[in-house]
Amino acid sequence: MHDRPRVPALSLTRIVLSCGRSVDLAELRLAPTYGDMPEGYPCRPVNDRRIQALLHTAARMSPSTPVHLIPPPRDHPDQYAGAHGPVETLPRVACVGRFSSTPLIPSSDPVTHRSGLTVIWFQPTTRLPDRYDTDPALRDVDWTPLARDYELGYPLYGP
């Protein structure tokens, strides 16, 4: 027998947030943080542009679903500062994940309604978040004020 909690067939994984709410990862896009850096070096302006690009990607994944950025840790290694300031690095993997859960409004039918949120975060590996080993910042997402309810099957809404 498996010790794994039941995960819906259409979900990549299920995690439990700190508030106790279970959320399903419906879609995940991973990219190297600096994989397409044409020139220069990792610094605050480059990192800020990378984060803005991820925000645009997340908004296009599901236009009606709200987007939340988990502020990434910024490391400042002791290296020579270039023309754009000191070296500043982000974790190696940029993640954009579309999550869904039960509806926020208790009176909504849980069979036909869900709540959704697209989350951007950075992590050191390409490992899929899981119930037992998820970054605390991802588990601490405050779902209720950030997510939005949608009706299943309605093309303009939902993940």
Side-chain angles (χ1 to χ4, degrees), residues 4-77 84 87-104 113-159:
R4 188 165 183 226
R6 290 186 49 89
V7 176
L10 300 177
S11 176
L12 295 171
T13 190
R14 174 175 284 167
I15 63 172
V16 178
L17 301 178
S18 299
C19 66
R21 177 182 281 272
S22 293
V23 296
D24 298 318
L25 181 59
E27 182 178 352
L28 177 63
R29 295 184 187 187
L30 303 173
T33 300
Y34 300 112
D36 58 355
M37 190 167 67
E39 57 185 64
Y41 62 97
C43 58
R44 181 169 286 282
V46 168
N47 292 337
D48 290 347
R49 280 194 301 275
R50 180 66 176 135
I51 289 169
Q52 285 302 315
L54 288 168
L55 288 166
H56 290 294
T57 297
R60 285 191 308 269
M61 279 175 74
S62 185
S64 61
T65 304
V67 175
H68 174 67
L69 169 69
I70 296 174
R74 296 177 184 245
D75 188 32
H76 297 90
H84 300 291
V87 173
E88 177 185 89
T89 59
L90 302 176
R92 296 180 57 180
V93 181
C95 308
V96 180
R98 199 166 38 85
F99 292 89
S100 67
S101 185
T102 56
L104 297 169
H113 290 82
R114 301 282 290 165
S115 58
L117 179 65
T118 300
V119 180
I120 300 168
W121 74 97
F122 291 80
Q123 61 187 35
T125 68
T126 57
R127 188 171 179 177
L128 189 68
D130 66 38
R131 181 180 182 114
Y132 304 106
D133 188 26
T134 299
D135 183 319
L138 186 54
R139 279 196 321 266
D140 289 342
V141 166
D142 194 4
W143 188 266
T144 302
L146 296 172
R148 181 180 301 147
D149 278 350
Y150 62 93
E151 185 174 354
L152 291 171
Y154 191 69
L156 297 178
Y157 293 97

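These numbers were taken from a predicted model, which means no experiment stands behind them.
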Next item on the list: Quick one: closest heavy-atom pair of Leu138 and Val119, and the distance?
Entry: CD1-CG1, 3.9 Å
Next item on the list: Please report the closest heavy-atom contact between Leu104 and Ala147, naming both atoms and the distance.
Entry: CD1-O, 3.4 Å
Next item on the list: With sequence neighbours left out, write down each residue that passes salt bridge (Lys or Arg N to Asp or Glu O under 4.0 Å) with Arg29, or none if nothing qualifies.
Entry: Glu27
Check: Any idea which heavy atoms bring Val67 and Ala59 closest together, and the distance?
Finding: CG2-N, 4.0 Å
Check: So how far is it from Arg114 CZ to Ser100 OG, rounded to the nearest 0.5 Å?
Finding: 4.0 Å
Notebook entry, point to check: By side chain to side chain contact (heavy atoms under 4.5 Å, CB included), which residues pair with Arg74, not counting sequence neighbours?
Noted result: Arg44, Asn47, Asp48, Ile51, His76, Glu88, Leu90
Check: So Trp121 and Phe99, would you call those rings parallel, tilted or perpendicular, with 30° and 60° as cut-offs?
Finding: tilted
Check: Is it true that a side-chain atom of Ser101 and a backbone atom of Ser22 form a donor plus acceptor pair closer than 3.5 Å?
Finding: yes
Check: Could you give the distance from OG1 (Thr13) to CG (Asp24), rounded to the nearest 0.5 Å?
Finding: 8.5 Å
Next item on the list: Check side-chain hydrogen bond (donor to acceptor under 3.5 Å, both in side chains) between Thr102 and all other residues, then give those that pass, not counting sequence neighbours.
Entry: Arg21
Next item on the list: Just do the side chain to side chain contact (heavy atoms under 4.5 Å, CB included) check on Leu128 and Leu25 with the steps written out, would you?
Entry: CA-CA 10 Å; Leu128 189 68; Leu25 181 59; 3.8 Å; yes
Item checked: Nearest heavy-atom neighbours spanning Phe122 and Pro72 -> CD1-CB, 3.4 Å
Notebook entry, point to check: Where is the tightest heavy-atom contact between Asp135 and Ala137, given as atom of each residue plus distance?
Noted result: OD1-N, 2.7 Å
Note to self: For the CE atom of Met61 and the CG atom of Leu28, what is their distance to the nearest 0.5 Å?
What the structure shows: 7.5 Å
Item checked: Taking every non-hydrogen atom, the tightest pair across Pro124 and Pro91 -> N-CB, 4.1 Å
Note to self: Among residues at least two apart in sequence or on other chains, which ones pass side-chain hydrogen bond (donor to acceptor under 3.5 Å, both in side chains) with Ser18?
What the structure shows: Asp140
Next item on the list: Go through the structure and list residues passing side chain to side chain contact (heavy atoms under 4.5 Å, CB included) with Pro66, not counting sequence neighbours.
Entry: Leu117, Arg148
Notebook entry, point to check: At what distance, to the nearest 0.5 angstrom, does CD1 of Ile70 lie from CZ of Arg139?
Noted result: 11.0 Å
Margin query: Let me confirm one number: the OG1-CD1 distance from Thr57 to Ile120, rounded to the nearest 0.5 Å.
Written below: 7.5 Å
Notebook entry, point to check: CZ of Arg50 to CG of Leu55: how many Å apart, nearest 0.5 Å?
Noted result: 11.0 Å
Notebook entry, point to check: Sequence neighbours excluded, which residues qualify as side chain to side chain contact (heavy atoms under 4.5 Å, CB included) partners of Pro32?
Noted result: none
